[in-house]
Amino acid sequence: MKIQDTLLNSKQELDTSKKVKIYLCGVTVYDDSHIGHARTIIVFDVLRKYLESKNVEIEFIQNFTDVDDKIINRANSENTTAEEISTKYIENYFKDFDGLNVKHATRYPKATEHMEDIVKFIEKLIEKQIAYTTKNGVYFSVSKFPEYGKLSKKKIEELQSGVRIEIDEAKKDPLDFAVWKFSDREPVWNSPWGKGRPGWHIECSAMSIEYLGENFDIHGGGRDLIFPHHENEIAQSESCTGVQFAKIWMHVGMVTINGEKMSKSLGNIKSIRHVLENWGPNIIRLFCLSGHYSKAIDYSEELLKENLTKWRQIETCYYELIHSINKNSEKIDAIIEKISVDFDNALNDDLNTHLALSAFFQLVKETNRLAAEEKLGIEDAGIIKKELQRMMKILGLKIPKMTENEKQEIDDMISSREQFRKEKRFEDADKIRDKLNEKNIELIDHKGRTIWMKKEIINGENQK
RNA sequence: GGUACUCUGGCAGAACGGUUAUGCGUGAGCCUGCAAAGCUUAUACAAGGGGGUUCGACUCCCUCGGGUACCUCCA
């Protein structure tokens with residue numbers, strides 16, 4: 001599998017001959033997660049599920065940043081502790097992402113639980129004279145890492161000339177960044193240099209190396225993390241260990257609203273809870289995977305509606321498959337095989353989910369065509385269903401489950417309706433159909449028989 | 001201002017130095033008691049402007065322009 005590497009600016013082969021180690025920069029838990037977080041995490045979820053479907057073992061680490069000024073500020077304004085804030089939003093994180101069918105990471109390390117590792121890491125940097133202490137904290141000396149800027153393609157001189165007003169005049173170089181900030185106010189931890197808390201970048205270096213080793217396969221996150229976060233991580237990690245840090249840097253494009261990045265100041269943030277309530281996990285996932293992961297996608301109700309249409313086709317396909325009773329009448333093996341290969345090839349080439357979805361929808365269309373022409377054989381349906389489910393699992397799409405009782409009840413209602421239809425008592429037949437519609441059961445009348453499908457309830461469907 | 005990315009039909013969107021996919025939308029039709037869903041089929045002067053390389057450019061190069069992101073809050 002090939003993945004575009006931000007550092008080398010080219011597609012790199014991912015070594016899948018052994019366990020693949022992935023570190024994804026997670027969220028800072030000071031507020032609810034939004035659709036932008038969802039996209040990044042869904043992209044990595046698909047990457048991971050695809051590799052696992054190929055029996056590649058994955059170690060997937062995603063951190064929670066639970067030490068941060070924003071958390072502390074929030075705690076102060078809500079008159080509570082930073083710990084309570086981070087605990088609350090970690091809980092919310094799991095509610096949101098479980099709702100989005102995202103598989104749990106191997107581990108979710110937190111900065112607060114890795115203070116020893118972080119302190120040790122900083123000690124090493126000081127030992128190597130790459131970091132130094134001032135009255136405000138411990139700083140990483142950018143000039144000690146000549147390759148600084150290699151990820152973000154920035155030149156040190158240019159950064160220096162464009163630097164903002166300096167707050168800490170004790171720093172040797174305005175580009176130097178804090179790895180430890182002194183503070184007396186909670187939450188603080190002890191360190192050999194004094195009480196305080198770690199800088200933002202150091203936790204990811206320390207925790208990724210702790211769990212994945214000094215040199216691991218993929219380090220990822222949103223595009224906006226390239227500078228300074230990932231640039232600084234590289235500087236710290238490589239100057240500490242002396243070896244290459246991540247082999248591949250994979251960055252996911254932003255989700256924009258009307259072409260602009262979501263931000264607090266613009267007030268255009270769409271929380272996952274909000275979009276989940278309106279559109280459900282499947283449509284959000286289809287939307288997030290509709291373009292190439294490296295490019296920005298623009299959030300709009302129109303696009304979500306488009307994906308709703310697609311989701312209905314998938315539902316139809318699924319229910320046609322499980323209700324199939326006909327005899328096989330068309331050779332389909334070759335086309336299924338081709339679609340399957342196209343799907344895999346698309347993902348193999350830098351996780352091209354858009355092309356993979358094209359292949360997937362070809363399977364859906366083909367199935368619905370066969371069903372419409374009364375040619376969907378029961379054995380073929382089995383083959384198609386297996387392939388459909390394989391793809392859906394990778395894409396993280398899920399048809400809501402139903403109980404046997406529910407199914408039986410529907411079947412009974414359909415038989416009564418059939419009876420009414422035979423007797424041409426159409427008003428009575430329609431009453432039954434309406435009743436089923438109220439339960440989101442849609443009837444599909446085929447020649448001589450009626451099948452049903454249970455539609456996922458999408459609140460956004462009827463808005464506007 | 002610097003750097004990077006980007007500009008494809010009404011919308012979304014990929015691949016590719018040589019018929020520009022695919023989906024949505026829209027039109028027509030099929031199926032149906034009627035619907036719905038689905039299917040079939042049609043649809044589009046489609047590549048920001050200008051130049052160049054080439055037998056041939058959406059694809060490569062130059063240039064001008066628009067947009068977005070980043071330039072120590074960011075997924």
Side-chain angles (χ1 to χ4, degrees), chain A residues 6 9 24-28 30 33-41 43-44 65 68-70 73 142 149 152-155 157-159 161-164 167 174-178 199-201 220-229 231-232 251-256 259-265 286-287 290-292 294-298 300 302-303 305-310 312-313 315-317 319-320 346 349 352-359 361-362 364-365 367-374 421 424-427 429-430 433-434 437 442-447 450-453 455:
Chain A
T6 308
N9 200 17
L24 176 64
C25 285
V27 297
T28 302
Y30 73 106
S33 304
H34 55 65
I35 182 77
H37 300 117
R39 184 191 189 196
T40 300
I41 288 164
V43 164
F44 274 84
T65 297
D68 183 89
D69 288 348
K70 288 195 292 280
N73 291 343
V142 167
S152 55
K153 322 289 181 226
K154 291 183 191 302
K155 295 199 174 71
E157 314 84 68
E158 278 163 2
L159 283 169
S161 65
V163 91
R164 293 182 182 177
I167 306 153
L175 292 185
D176 293 350
F177 54 89
W200 173 37
H201 319 294
R223 283 206 92 80
D224 54 350
L225 295 186
I226 294 174
F227 192 89
H229 186 53
E231 192 70 62
N232 291 357
H251 290 105
V252 180
M254 298 292 100
V255 177
T256 60
E260 285 174 310
K261 185 175 162 182
M262 287 187 291
S263 73
K264 293 252 166 186
S265 51
L286 286 172
F287 165 73
S290 63
H292 194 268
S294 62
K295 289 190 179 178
I297 48 171
D298 201 46
S300 72
E302 286 71 30
L303 284 181
K305 277 207 170 140
E306 183 176 324
N307 284 297
L308 169 64
T309 306
K310 293 176 180 181
R312 294 300 186 214
Q313 293 170 357
E315 286 180 319
T316 304
C317 172
Y319 284 100
E320 290 287 3
D349 185 11
N352 192 331
T353 51
H354 180 83
L355 278 185
L357 280 170
S358 290
F361 279 108
Q362 216 184 321
V364 170
K365 280 264 177 208
T367 306
N368 290 346
R369 195 207 97 226
L370 287 168
E373 294 174 1
E374 308 292 338
R421 289 177 76 203
K424 303 217 183 288
R425 291 165 62 184
F426 294 121
E427 270 184 33
D430 288 350
R433 185 167 66 190
D434 291 344
N437 283 347
E442 185 148 318
L443 299 185
I444 303 172
D445 288 334
H446 281 288
K447 278 197 182 94
T450 298
I451 69 162
W452 53 266
M453 60 183 248
K455 291 161 59 178

If the condition is side-chain contact (heavy atoms from CB on, under 4.5 Å), which residues does A/Glu315 pass it with, not counting sequence neighbours? A/Trp311, A/Arg312, A/Ile399, A/Met453, A/Lys455, A/Glu456
Under 4.0 Å between a side-chain N/O of A/Trp452 and OP1 or OP2 of B/A37, yes or no? no
Kindly write out the residues that satisfy ring pair (Phe, Tyr, Trp, His ring centres under 6.0 Å) with A/His251, not counting sequence neighbours, or none if the list is empty.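 So A/His251 forms a ring pair (Phe, Tyr, Trp, His ring centres under 6.0 Å) with A/His230.
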Could I get the full list of ring pair (Phe, Tyr, Trp, His ring centres under 6.0 Å) partners for A/Phe44, not counting sequence neighbours?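 Result, ring pair (Phe, Tyr, Trp, His ring centres under 6.0 Å) vs A/Phe44: none returned.
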Do the side chain of A/Asp445 and the base of B/G38 come within less than 3.5 angstrom through a donor-acceptor pair of N or O atoms?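 No, no donor-acceptor pair under 3.5 Å.
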Distance-only donor-acceptor test (3.5 Å): side chain A/Glu306, base B/G25: no
How does protein reach along nucleotides 5-10 of chain B, written 5' to 3' as B (base within reach of a heavy atom under 4.0 Å), S (only sugar-phosphate), or - (no contact)? S-S---
Contiguous Watson-Crick or G-U pair runs (3 or more, under 3.5 Å) in RNA chain B: B:1-7 with B:65-71, B:10-12 with B:22-24, B:25-30 with B:38-43, B:48-52 with B:60-64
With rounding to the closest Å, how many angstrom separate the P atoms on B/A4 and B/A12? 27 Å
If I pick the P atom on B/G23 and the same atom on B/A42, what distance separates them, to the nearest angstrom?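 After rounding to an integer number of Å, I get 12 Å for this pair.
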A/Leu175 to A/Val142 - nearest heavy-atom pair and separation: O-CG2, 3.4 Å
Partner residues of A/Thr309 under the side-chain hydrogen bond (donor to acceptor under 3.5 Å, both in side chains) criterion, sequence neighbours left out: none
Let's see if you can work this out: which of B/A37, B/C39, B/C73 has an atom nearest to the side-chain heavy atoms of A/Asn368?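 For the A/Asn368 side chain, the nearest candidate turns out to be B/C39.
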